[in-house]
*Asks:* 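After the structure tokens below, expect a handful of questions from me.
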Amino acid sequence: MSKQVVQLNRVIIRFAGDSGDGMQLAGDQFTSRTASFGNDLSTLPDFPAEIRAPAGTIPGVSAFQLHFADHDITTAGDTPNVLVAMNPAALKANIKDLPRGADIIVNTDEFTSRNLTKVGYAASPLEDGSLESYAVHPIPLTSMTVEALKAFDITKKEAERAKNMFALGLLSWLYHRPTEGTLTFLKQKFAKKPEILAANIAAFEAGWSYGETTEDFSVQYEVKPAPMAPGRYRNISGNLALAYGLIAASQRAQLPLYLGSYPITPASDILHELSKHKKFGVMTFQAEDEIAGIGAALGASYGGMLGVTTTSGPGVALKSETIGLAVALELPLVIVDVQRGGPSTGLPTKTEQADLLQAMFGRNGEAPVPIVAPRSPADCFDAALEAVRIATTYRTPVFLLSDGYVANGSEPWRIPVVDELPDLAVEFASAPNHTREDGTEEFWPFKRDPETLARPWAVPGTKGLEHRIGGIEKADGTGNISYDADNHDKMVRLRQAKIDGITVPDLEVEDPDGDASVLVLGWGSTYGPINASCQMARRDGAKVAQAHLRHLNPFPANTGEVLRRYDKVVIPEMNLGQLALLVRGRYLVDAIPYNQVRGLPFKAEELAGVIKDVVASV
Amino acid sequence: MSETVDLGFPSLKLVPKTDVKQSAKDFKTDQEVRWCPGCGDYAILAGVQSFMPELGLAKENIVWISGIGCSSRFPYYMNTYGMHSIHGRAPAIASGLAMTRPDLSVWVVTGDGDALSIGGNHLIHALRRNVNLKILLFNNRIYGLTKGQYSPTSETGKVTKSTPMGSLDHPFNPVSLAIGAEASFVARTIDSDRKHLTETLRAAALHEGTALVEIYQNCNIFNDGAWDPLKDADHRDSLTLRLEHGKPITLVDGSRGVVRGADGHLDIVDVESVGIENVLVHDAHRDDPSLAFALSRLSDSHTLANTPIGVFRDVRRAVYDETFQAQVATAKAGGTADLQSLLSGSDTWEIA
Ligand SMILES: Cc1ncc(C[n+]2csc(CCOP(=O)(O)OP(=O)(O)O)c2C)c(N)n1
Ligand code: SF4
Ligand SMILES: [Mg+2]
């Protein structure tokens, strides 16, 4: 039976269920197929901090949102068109985000009176009329899966567990997704369990044919591929792109990559990923704590490795003293901070632009550290290369400020050609660099390159360059201990001048009509929502320009000039105005902060409203 | 002046040898040494500088890393590579260097506060991992650099600036702590005993893996005489137990010796009453650490009676930097590293 096919420009699907229901996996698979089909897409996984909160409760709900389209999109979408709710908790936790008319696919098997009471439903929402304004598709997903698998030699529990594949099969049918990749994935995942493999495939196919045969779905949807620059693509998440960026940087710099780290959400996946790539000479060390993680990385940098440490906000707090030491020693080091909600433990699995000021100022003394922030999952790759370039060129620790949204989100990525990546070759010091009055040659560890102000990187094992470095103030040039007042003043200024002098690309402005009077300035992962909201505002006639900072220390040289071109500057941030504080202090521009600290990315429509209001007020 | 002879230090097999004859002078720097006159650190520095040529290593392949404290100024005075880092973190920094650079001989200098207070975590984990580090712990039972507060090795009741009515804390015994932390090499020596210091450094350098050497050091400004009973000629021989592998464990004067009590604990008894043949013979290479631990418990932290000096434990077990590098080598041998195919992954599509 072939059904009517409706063309759509874009769709937002949210899969929601218990942490154990396999929603992240179903979402991932749907995303991969959607990516290879050629849609542009953006994802937002949203899961609880607990591994398995009590089953059927609101805190236990794990969700995965995917936005895909036949055109360029930059966010995971505001309001889902389709919600897959595997139980009452998933329905309750997500219903408020759905616009009227949205499709809701519910697993009726879980709507027992016990489960309903657990989340505070007095009557079943499927029966009390409260969902009247939605297109509800009540499906006994669990029992249909079990029924479809009764021929298999597996336990009931194992059969039930395949219900996410049934749901995936149904959704794949509904949106015309290719199936081959999912089958390949299952074959790899269950290579050693042929019976489970066969059952999962059967569940997937049962879901697909249910869509084909049921009266409940009268139409099938199609979203055409999006036009994209020619090339070979893959889908990639931010943490993976960041890990690959570090490996690529190590290859391009010809420095072995050394990661010293301590597990912490949402950064641990970078440690996991890098640990797999020892054949690239990548060395990973799970230390006893964050302080040891960065200490070991700094020790490795001292020995001529590309030292990296990965963490989140609480870990940065512990690493602060060592970052200060790296500033004083002037050794390359990359500190990856995948930001999450704070303060303290805060919201481990939720996103927040929590640590800009911590990265900027969170050390004793005048201890400037460059900051690079990726704007999207795929951009994590390039941002990692950029952080390494700065670290090795200027012999300095560098912050790479990612966050939970870019880290776990994914998008299509045009795979770069390795030979076209920047050359990051580094030269170690190999000979004395100073001649004494009596003509003898000696090595001065703090004699700077006149252009970059970087000091020589002389690694142990280099004959004739034996020297001592440390956290105590050093005499300019010789690096010997010095408590001299003038020398300290000079060294403080030199270290600052070195960071201020880092060459970074100019800030670019996107202003299609060139006549905007309001600028929206952002940094990091808010790029997508700000971009989408600016487009919406423009469609409604608002004249607005967008600029996005990738370098937060130093700021691009033209930043002040760009800011002063506009009557008003709006700075949306997922914090209480950290960039706004820096911009106001630095450029004396009366920027208007717009802040949300909800653990979730901005909704583009909401932000567009804010922008339109500001434009209207000019 | 020491001869440059290759003693075949197994822990240093990957470190390049020097082709010039070295002397203690070669290890001195032009920096003015800034310890208080009379400080025990001077004797240790001199001992180390005169021992170094014996290793016969290329000077540029030796690195000294320290934390913060009077003792931690040490690297500035050694004409090798060196880093004076931050309080308590030297073992972590040195671990990162040692595991990535098997061609270096990495030494750590730390104090009782640096190693056992703020850096306690890093110390125990370095010991358990068995990274190829030689850690010299200068124990003066006081915070020297911050002008005399009690430390984690100070005896209970110690009156200092921060404890005018006496300290309440029970002290650590660094040797017991190290053995409890799975250390493969633990020794104790004294700043003023050059011969014993040198012997102990030699044993540590020979050891493969982490070696912890506790050095009793006098801070003549803030805790003068802390170790005097073990130094003055009238008492030391009746207070000190000399640990020598394969020899009966007795006080230096031979009067009393260590025997195993009926319930398994160690006892100190008159050698004459039991006969020397019944005195416990020291076995530093014994895998089981319980005897070494029991020996470390014999001393009295107040009177210093029955203080063992020498190598408590010296056993061979997997060395972290070797296994760490071996995994990388295995992975490298197991396939070519093609960055382009890594970036591409297995699920791609082409847009024309
Ligand atoms: C983070 C930090 N906390 C405190 C200090 C102050 N401080 C410096 S050395 C020291 C204690 C040193 O004692 P010890 O390690 O025994 O060394 P000693 O001076 O006795 O050789 C302290 C508390 C510091 N430098 N850094
Ligand atoms: S304070 Fe004590 S430990 Fe420090 S240098 Fe002086 S004597 Fe030595
Ligand atoms: Mg001390």
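Order of the sequence lines sets the chain letters (A, B, ...), proteins ahead of strands, with each chain counted from 1.
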*Asks:* Can you say whether Q31(B) sits under 4.5 Å from chain A via the side chain, the backbone, both, or neither, judging by heavy atoms?
*Replies:* side chain

*Asks:* Decide, yes or no, whether a salt bridge links K21(B) with D26(B) under the criterion of side-chain N to carboxylate O below 4.0 Å.
*Replies:* no

*Asks:* If you look at every heavy atom in A243(A) and L274(A), which pair is closest and at what distance?
*Replies:* O-CD2, 3.6 Å

*Asks:* Check whether F37(A) gets within reach of chain B through its side chain, its backbone, both or neither, counting any heavy atom under 4.5 Å.
*Replies:* neither

*Asks:* Go through the atoms of V282(A) and report whether side chain, backbone, both or neither lie under 4.5 Å from a heavy atom of chain B.
*Replies:* backbone

*Asks:* If you compare all heavy atoms of N39(A) against all heavy atoms of R177(A), which two are closest, and at what distance to 0.1 Å?
*Replies:* OD1-NH1, 2.7 Å

*Asks:* Quick check for you: among D30(B), I68(B), D103(B), N79(B), which has the greatest number of heavy-atom pairs under 4.5 Å with chain A?
*Replies:* N79(B)

*Asks:* Let me confirm one number: the CG-CG distance from L133(B) to D321(B), rounded to the nearest 0.5 Å.
*Replies:* 7.0 Å

*Asks:* Check whether Y258(A) gets within reach of chain B through its side chain, its backbone, both or neither, counting any heavy atom under 4.5 Å.
*Replies:* side chain

*Asks:* Under the side chain to side chain donor-acceptor pair (under 3.5 Å) test, which residues partner E182(B), sequence neighbours left out?
*Replies:* none

*Asks:* Is V328(B) in contact with chain A via its backbone, its side chain, both, or neither, using a 4.5 Å heavy-atom distance?
*Replies:* both

*Asks:* Between chain B and each of G295(A), A241(A), P227(A), count heavy-atom pairs under 4.5 Å; write down the option with the most.
*Replies:* G295(A)

*Asks:* Side chain from CB out, backbone as N, CA, C, O: work out which of these in S85(B) comes under 4.5 Å of a heavy atom of chain A, or both, or neither.
*Replies:* both

*Asks:* With chain A as the partner, which of Q327(B), H87(B), E350(B), H84(B) has the greatest number of non-hydrogen pairs under 4.5 Å?
*Replies:* E350(B)

*Asks:* Under 4.5 Å from any heavy atom of chain B, what part of P416(A) do you find: side chain, backbone, both or neither?
*Replies:* both

*Asks:* With a 4.5 angstrom heavy-atom cut-off, which part of S66(B) approaches chain A: side chain, backbone, both or neither?
*Replies:* neither

*Asks:* Answer with side chain, backbone, both or neither: which region of R73(B) has an atom nearer than 4.5 Å to a non-hydrogen atom of chain A?
*Replies:* side chain

*Asks:* Side chain to side chain donor-acceptor pair (under 3.5 Å) with R34(B): which residues, sequence neighbours excluded?
*Replies:* none

*Asks:* Heavy atoms only, distances under 4.5 angstrom: which of G303(A), A300(A), G231(A), G470(A) has the most pairs with chain B? Name it, please.
*Replies:* G231(A)

*Asks:* Could you look at Q251(A) and say if it's the side chain, the backbone, both or neither that has a heavy atom under 4.5 Å from chain B?
*Replies:* side chain

*Asks:* Any side-chain donor paired with an acceptor under 3.5 Å for D338(B) and T336(B)?
*Replies:* no

*Asks:* Given a strict heavy-atom distance threshold of 4.5 Å, which part of A297(A) is in contact with chain B: side chain, backbone, both, or neither?
*Replies:* neither

*Asks:* Less than 4.5 Å to any heavy atom of chain A: does that hold for the side chain of Y77(B), its backbone, both, or neither?
*Replies:* neither

*Asks:* Side chain, backbone, both or neither: which part of R252(A) has a non-hydrogen atom closer than 4.5 Å to chain B?
*Replies:* neither

*Asks:* Using heavy-atom distances under 4.5 Å, tell me whether I481(A) contacts chain B through its side chain, its backbone, both, or neither.
*Replies:* both

*Asks:* Rounded to the nearest 0.5 Å, how far does CZ of R89(B) lie from OG1 of T322(A)?
*Replies:* 6.5 Å

*Asks:* Do you know which of I124(B), T80(B), T29(B), V106(B) has the most heavy-atom pairs under 4.5 Å to chain A?
*Replies:* T80(B)

*Asks:* Is L339(B) close to chain A through its backbone or its side chain, or both, or neither, when contacts mean heavy atoms under 4.5 Å?
*Replies:* both

*Asks:* Could you pull out the closest heavy-atom pair between A378(A) and P412(A), with the gap in Å?
*Replies:* CB-O, 4.4 Å

*Asks:* Could you tell me which non-hydrogen atom of T284(A) sits nearest to which non-hydrogen atom of F324(B), and how far apart they are?
*Replies:* O-CE1, 3.3 Å

*Asks:* Please classify the contact of A229(A) with chain B as side chain, backbone, both or neither, using a heavy-atom distance under 4.5 Å.
*Replies:* backbone

*Asks:* Sort out for me which of E321(A), H277(A), M228(A) touches chain B most, counting heavy-atom pairs under 4.5 Å.
*Replies:* E321(A)

*Asks:* Run through N132(B), N130(B), V319(B) and flag the one making a side-chain contact (heavy atoms from CB on, under 4.5 Å) with H207(B).
*Replies:* N130(B)

*Asks:* Looking only at heavy atoms, what is the nearest atom pair of L343(B) and W413(A), with distance?
*Replies:* O-CZ3, 3.8 Å

*Asks:* Do K332(B) and K278(A) come close enough that some side-chain heavy atom pair is under 4.5 Å?
*Replies:* no

*Asks:* Taking all heavy atoms of P256(A) and all of G304(A), pick out the closest pair and write down the distance.
*Replies:* CD-O, 4.3 Å

*Asks:* List the residues meeting salt bridge (Lys or Arg N to Asp or Glu O under 4.0 Å) with E208(B), not counting sequence neighbours, and say none if there are none.
*Replies:* K13(B), R316(B)

*Asks:* Could you state the interatomic distance from CD1 (I135(B)) to CG (L127(B)), rounded to the nearest 0.5 Å?
*Replies:* 5.5 Å

*Asks:* What part of L465(A) is in contact with chain B, defined as an atom under 4.5 angstrom from a non-hydrogen atom: side chain, backbone, both or neither?
*Replies:* both

*Asks:* I'd like to know whether the aromatic ring centres of F27(B) and W64(B) sit less than 6.0 Å apart in this structure.
*Replies:* no

*Asks:* Please report the interatomic distance CG(L298(A)) to CD1(I93(B)), rounded to the nearest 0.5 Å.
*Replies:* 5.5 Å

*Asks:* Top residue by heavy-atom pair count (under 4.5 Å) with chain B, among D289(A), I247(A), I236(A)?
*Replies:* D289(A)

*Asks:* Using only non-hydrogen atoms and a strict under-4.5 angstrom cutoff, which residues of residues 178-185 of chain A touch chain B?
*Replies:* none

*Asks:* Tell me whether the centres of the aromatic rings in Y81(B) and H467(A) are closer together than 6.0 Å.
*Replies:* yes

*Asks:* Using non-hydrogen atoms only, which part of A94(B) is less than 4.5 Å away from chain A: side chain, backbone, both, or neither?
*Replies:* neither

*Asks:* Using non-hydrogen atoms and a 4.5 Å limit, figure out which bit of I469(A) sits close to chain B: side chain, backbone, both or neither.
*Replies:* both

*Asks:* For chain B, which of A292(A), S36(A), G471(A) has the most heavy-atom pairs under 4.5 Å?
*Replies:* S36(A)

